[in-house]
Number of protein chains: 2
Amino acid sequence: MAQSQKVERPARADALLNRERILAVALEELAQGADVPLSAIARKAGVGQGTFYRHFPTREALVMEVYRYEMLQVAKYAEHLLQTRAPDQALREWMTRLAEYAMNKAGLANAIREVSNVGSCAGKESYAPVVNAAQSLLDANERAGTIRPGITTDDFFLAIAGIWQINVNDEWKPRLVWLMDFVMEGLRAGAPARSA
Amino acid sequence: MAQSQKVERPARADALLNRERILAVALEELAQGADVPLSAIARKAGVGQGTFYRHFPTREALVMEVYRYEMLQVAKYAEHLLQTRAPDQALREWMTRLAEYAMNKAGLANAIREVSNVGSCAGKESYAPVVNAAQSLLDANERAGTIRPGITTDDFFLAIAGIWQINVNDEWKPRLVWLMDFVMEGLRAGAPARSA
DNA sequence: ACCTGAACACCGTTCAAGT
DNA sequence: ACCTGAACACCGTTCAAGT
């Protein structure tokens, strides 16, 4: 009858404002490098150290939240791909997009690597949509018989771990293409379709 | 006629001793966790901050040197495997050994991830034997036709990047096995042998 | 309830002084 | 030539005092 026990505290107006200001500044600063001191962001945002720290207890939490909206877009992009391409093609393009996105956002690859490992919990909510997107892509491919059955999202992200290791230099493109090919072939191996 | 320009400075006796002491202490300390402060190691080793810093300018450099000997053993193990097993079996077992080794040495996975990326140069020498071992394993497999031709060590380490992401918890074993299977299948795909 | 900002703890880095 | 260790710079974390 009553509301759920986990109350979604409405939060005070100034708290929300501070939070937004921090995120706005962080977005700017992170665009110029991942090694920005958190204290600098707090100062530029005009909030105290303590305030900053309560909103974002860890660096990963901040980075995840900063890119949350765009991460959500990437996740949603999976649906679009699934409706306009063959499942395996959709999966491949999605991986590529995820990789390129993570590469161009400073600190995002590290943050995801952190979150996708164990507990750490910080920013886990921001990452969840990506996992779900991967899940639906894998499901679609399994139904279509274009990948071997039984592959979990854990397996998947383990297979594409190299993504978080490629850094933007002169020859990142061919390396990424190679990795995508490699993973796709691996997922396809032993699939019902095209098998015999 | 004269000696090479890059003189291998013999180094003073006390310098060598200090270096050894640091490495000995670091080996102990790292066994109990990767988050040991470098200053603590310096103190326990009985050397000044500056001395420590000159010997190991970065954390990765220290970690790499600490495990250098054992890394060399892992690298050499490749030869043994190549002489006692089929090339593909040798490659697989070597990967597994490399993974398990890196997982159990605190901070090693992070250090390797750092070194195997770009420049950073620190500890690159310690890592080189591992790359060479991978090279010879890949060569042997290519000659035997058990993997598709043209795979570089860069490709290889990109494919197995997930190794550095698995952390020792309750279920690391099946995840590692899965990854090894996945990579091996991927390397095999399109190989001359067993192809038709 | 939330914010502030000084204070704290910590750690990597440097450097003038020693031997 | 190498070592020492105090001093420095920096950054994340806390907390008493404010509103």
How close or far is atom [atom2] of [N] from atom [atom1] of [X], stated in whole angstroms?
| X | N | atom1 | atom2 | answer |
| --- | --- | --- | --- | --- |
| A:L62 | D:dT13 | CG | P | 12 Å |
| B:F56 | C:dG12 | CZ | P | 14 Å |
| A:F52 | D:dT14 | CZ | P | 14 Å |
| B:N18 | D:dC3 | CG | P | 5 Å |

| query | Which residues in residues 32-46 of chain B have at least one heavy atom lying under 4.0 Å from any atom of DNA chain C? | reply | B:P37, B:L38, B:S39
Within the 3.5 Å criterion, strictly below it, is a donor on [X] or [Y] matched to an acceptor on the partner's side chain?
| X | Y | value |
| --- | --- | --- |
| A:Q135 | A:D139 | yes |
| B:S136 | B:E79 | no |
| A:Q49 | A:S39 | no |

| Side-chain N or O of A:Y53 closer than 4.0 Å to phosphate OP1/OP2 of D:dT14 | yes
| field | Base-paired stems in DNA chain C, each at least three Watson-Crick or G-U pairs under 3.5 Å | value | C:4-8 with D:12-16, C:12-16 with D:4-8
| Would you find a donor on one side and an acceptor on the other, under 3.5 Å apart, between the side chain of A:R148 and the backbone of A:A189? | yes
| request: Working to the nearest 0.5 Å, report the span between CG of A:N18 and CZ of A:F52. | output: 11.5 Å
